[in-house]
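Every chain is numbered from 1, with letters handed out A, B, ... down the list of sequences. It should be emphasised that the depicted structure is a prediction, and the values quoted were computed from it without experimental measurement.
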Amino acid sequence: MYRTSAVDEVIVNSVASSSIIQTGDTEKIQCFSAALAIQRERTDFGRFDIPLNKYDIFSQPVVVPVCPAVQIKKTFNACPFIRVGRIDILGVSSSSLLHIGSVNEMTLQSRVKHIRNFLKNPYPEIEEEES
Amino acid sequence: MKFCVTNHELFVGEINIIGVGLSSVVLVGDVDCINLGSAFDTPPESLVLGTSLVPL
């Protein structure tokens with residue numbers, strides 16, 4: 001049913017944060033990534049305990065369109081190969097995926113909360129206008 | 001729904017990607033179903049003053 005993927009050369013510089021390079025067929029893939037991106041005015045080393053459930057974005061549902069149910073699916077592979085000469089990727093990160101081969105079902109989700117943390121208000125004039 | 005596909009020859013010379021991030025996927029192959037979801041929160045209110053980063 002599926003075609004064979006043939007890749008001559010793969011160059012990947014870095015694979016980080018629960019990322020995957022998979023060669024071969026897969027039945028099901030589920031990936032999830034939750035990130036708290038904090039930019040701070042002052043560096044604070046040491047333990048950093050913040051419960052993710054304090055932020056709404058990590059508990060709100062992400063609405064994704066559902067795949068329609070296909071009753072009759074006919075695939076005719078006139079050429080049973082997918083050929084790629086070269087894949088050059090600098091970085092794969094945060095529950096991402098480089099997959100060479102066929103997949104049946106794939107579900108990936110990511111949630112990112114950005115925080116800019118200052119010790120003093122860098123925009124005092126804006127607050128005066130609001131009040 | 002009736003769905004018929006005929007796959008002829010597929011040959012890609014070179015793929016050049018800088019970055020794949022945040023639950024993204026690069027797939028060389030066939031797939032039946034893909035579900036991708038992303039939530040990204042960078043509002044003006046993301047500005048936090050003081051030492052406590054946890055919302056009240």
Side-chain angles (χ1 to χ4, degrees), chain A residues 2-3 5 7 31-33 35 38 50-51 54-55 57 60 62 64 67-79 82-121, chain B:
Chain A
Y2 294 121
R3 288 173 288 176
S5 305
V7 181
C31 290
F32 181 75
S33 148
I38 298 170
I50 292 179
K54 291 270 186 187
Y55 300 99
I57 193 168
Q60 279 170 355
V62 177
V64 178
C67 292
V70 180
Q71 264 87 37
I72 305 160
K73 185 188 175 189
K74 280 180 185 168
T75 310
F76 174 66
N77 295 323
C79 174
I82 298 171
R83 287 205 55 204
V84 178
R86 199 170 113 122
I87 298 176
D88 195 335
I89 298 178
L90 201 65
V92 184
S93 82
S94 310
S95 300
S96 298
L97 200 69
L98 166 61
H99 196 286
I100 298 164
S102 299
V103 191
N104 198 24
E105 195 188 327
M106 210 186 258
T107 308
L108 294 93
Q109 203 178 93
S110 81
R111 290 152 188 265
V112 181
K113 169 75 179 172
H114 271 248
I115 294 170
R116 296 176 292 148
N117 181 216
F118 291 94
L119 296 174
K120 280 188 295 182
N121 191 351
Chain B
M1 189 170 82
K2 198 178 170 185
F3 185 51
C4 297
V5 182
T6 306
N7 291 319
H8 292 281
E9 189 185 7
L10 177 62
F11 180 73
V12 180
E14 191 176 328
I15 299 173
N16 210 317
I17 299 171
I18 299 285
V20 187
L22 291 171
S23 299
S24 312
V25 61
V26 178
L27 178 77
V28 182
D30 296 318
V31 67
D32 261 350
C33 179
I34 296 184
N35 280 294
L36 297 181
S38 180
F40 198 88
D41 189 10
T42 319
E45 299 83 61
S46 67
L47 187 74
V48 177
L49 300 174
T51 49
S52 174
L53 293 179
V54 184
L56 297 172

Between B:His8 and A:Ala78, the two heavy atoms sitting closest are ND1-CB, 3.6 Å
Test A:Ser102 against every option in B:Asp30, B:Val28, B:Val31 by the side chain to side chain contact (heavy atoms under 4.5 Å, CB included) rule and name the one that passes. B:Asp30
Chain B interface, residue from A:Val103, A:Val62, A:Ile87 that has the most non-hydrogen pairs under 4.5 Å: A:Val103
Give, as side chain, backbone, both or neither, the part of A:Val112 having an atom under 4.5 angstrom from any heavy atom of chain B. both
Report yes if the side chains of B:Leu27 and A:Met106 come closer than 4.5 Å at any heavy-atom pair, otherwise no. yes
A:Leu98, A:Ile100, A:Val92, A:Ile89: which one forms the most heavy-atom pairs within less than 4.5 Å of chain B? A:Ile89
The criterion is disulfide bond (SG atoms under 2.5 Å apart); which residues satisfy it with B:Cys33, sequence neighbours excluded? A:Cys67
Pair A:Tyr2-B:Asp32, side-chain donor/acceptor within less than 3.5 Å: yes
Which of A:Gln60, A:His114, A:Lys113 passes side-chain hydrogen bond (donor to acceptor under 3.5 Å, both in side chains) with B:Asp41? It is A:Lys113
At what distance, to the nearest 0.5 angstrom, does NZ of A:Lys74 lie from NZ of B:Lys2? 5.0 Å
Quick one: CZ on B:Phe3 to OG1 on A:Thr75, what's the gap to the nearest 0.5 Å? 7.0 Å
Could you give the side-chain donor-acceptor pairs of residues 11-23 of chain B under 3.5 Å, partners two or more places apart or in another chain?
from    : atom 1 : to       : atom 2 : distance (Å)
B:Ser23 : OG     : A:Gln109 : O      : 2.6

